[in-house]
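Values below: all heavy atoms of this structure, side chains included; hydrogens, waters and symmetry mates excluded. Here, residue 1 is the first one in the sequence, and each next residue gets the next number. Given the structure is predicted, the values throughout are model-derived calculations rather than measurements.
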Amino acid sequence: MKILSIDTSSNICTVAILDDTNLIAQKTLDDTKNHSEKIMPIIADTLESVNLTLNDIDLIVSDKGPGSFTGIRIGTATVMAFADSLQIETIGISSLEALAYNERNNSETKYICSLIDAKNDNAYFAIYSINNSNITLVNEPDCDNINNIIDIVSNYKDIIFVGDGAVAYCELLKNNLHDCKISSSNTLSSYSLGIAGLNAFKSNRKDDILPLYLRKPQAERALEGKNKGIDSHEN
């Protein structure tokens with residue numbers, strides 16, 4: 001099965017082509033302001049590098065977030081357009097699940113906590129179990145204060161943290177959790193995304209590619225905060 005995986009949920013725009021679980025091509029662009037302009041050329045370049053076209057692709061995997069609201073919309077809209085015009089199978093995978101797959105070959109831990117920094121001491125997170133490279137969701141994706149997340153993960157023994165949130169809150173995690181382990185692979189990978197998508201597809205999961213928003217966009221949250229301030233002043 002030929003798989004095209006596309007991740008635009010962070011500063012990095014990354015595209016991979018897999019033949020089942022084998023990576024045959026991957027390209028990455030670190031330019032968050034130009035995802036909309038560069039997504040089509042990078043897909044075309046990646047396909048061309050291995051003499052393939054979209055007509056050769058059996059499955060497209062899209063990162064549906066959480067992450068950059070704009071980036072997620074660009075990636076999912078691109079995949080939707082391909083699906084509509086070419087009738088290619090698609091599946092959406094969360095950024096958190098893709099990060100967990102960075103640790104798919106780790107045989108020295110029982111749980112994976114994916115953390116994406118959401119700023120202001122908040123993080124997107126989810127917890128997965130790992131057994132013989134099989135990754136299973138055990139705590140649904142959410143967004144919370146890092147101290148509340150630490151309280152939740154303290155119930156899981158033998159856990160490793162992965163993602164930019166694991167880097168951002170490394171010292172806090174280590175100071176509060178016994179034997180805390182931090183992954184050495186904390187960036188989103190379109191290869192890991194592709195493998196997660198392949199496994200989900202083979203398991204007959206029907207995960208759509210609609211954006212996964214675990215909290216409202218910053219502009220909307222700022223407006224709500226401003227309105228609350230007005231309401232408080234009026235009262």
### Query
Say you draw a straight line from NZ of K157 to NE2 of H178; how long is it, rounded to the nearest 0.5 Å?
8.5 Å
### Query
Rounded to the nearest 0.5 Å, what separation is found between the CD atom of E97 and the CG atom of L212?
11.0 Å
### Task
State whether the side chain of S189 and the backbone N or O of Y191 hold a donor-acceptor pair below 3.5 Å, judged by distance alone.
yes
### Task
Please check if the side chain of T8 supplies one atom and the backbone of G75 the other of a donor-acceptor pair under 3.5 Å.
yes
Result block: side-chain N/O donor-acceptor pairs under 3.5 angstrom for residues 18-27, not counting sequence neighbours:
from, atom 1, to, atom 2, distance (Å)
D20, OD1, M1, N, 3.1
Q26, NE2, S190, OG, 3.0

I want to check something: taking the side chain as every heavy atom from C-beta on, are [X] and [Y] in contact at a cut-off of under 4.5 Å?
X	Y	result
N147	L172	yes
I6	S62	no
K64	I209	no

Measure across [X] and [Y] and return the closest heavy-atom pair with its distance rounded to 0.1 Å.
X	Y	result
C13	I42	O-CD1, 3.8 Å
L96	P141	CD1-CB, 3.7 Å
L99	I116	CD1-CG1, 3.7 Å
D56	N51	OD2-O, 4.5 Å

Please tabulate, for the side chains in residues 132-139, all donor-acceptor contacts under 3.5 angstrom to protein atoms that are two or more places apart in sequence or on a different chain.
from, atom 1, to, atom 2, distance (Å)
S133, OG, R104, O, 3.0
N134, ND2, N131, O, 3.3

#### Entry: Residues D121 and Y169: side-chain donor-acceptor under 3.5 angstrom
no
### Task
Have a look at D63 and tell me which of S94, S95, S10, S5 forms a side-chain hydrogen bond (donor to acceptor under 3.5 Å, both in side chains) with it.
S95
### Query
Do the ring centers of Y128 and Y111 come within less than 6.0 Å of each other?
no
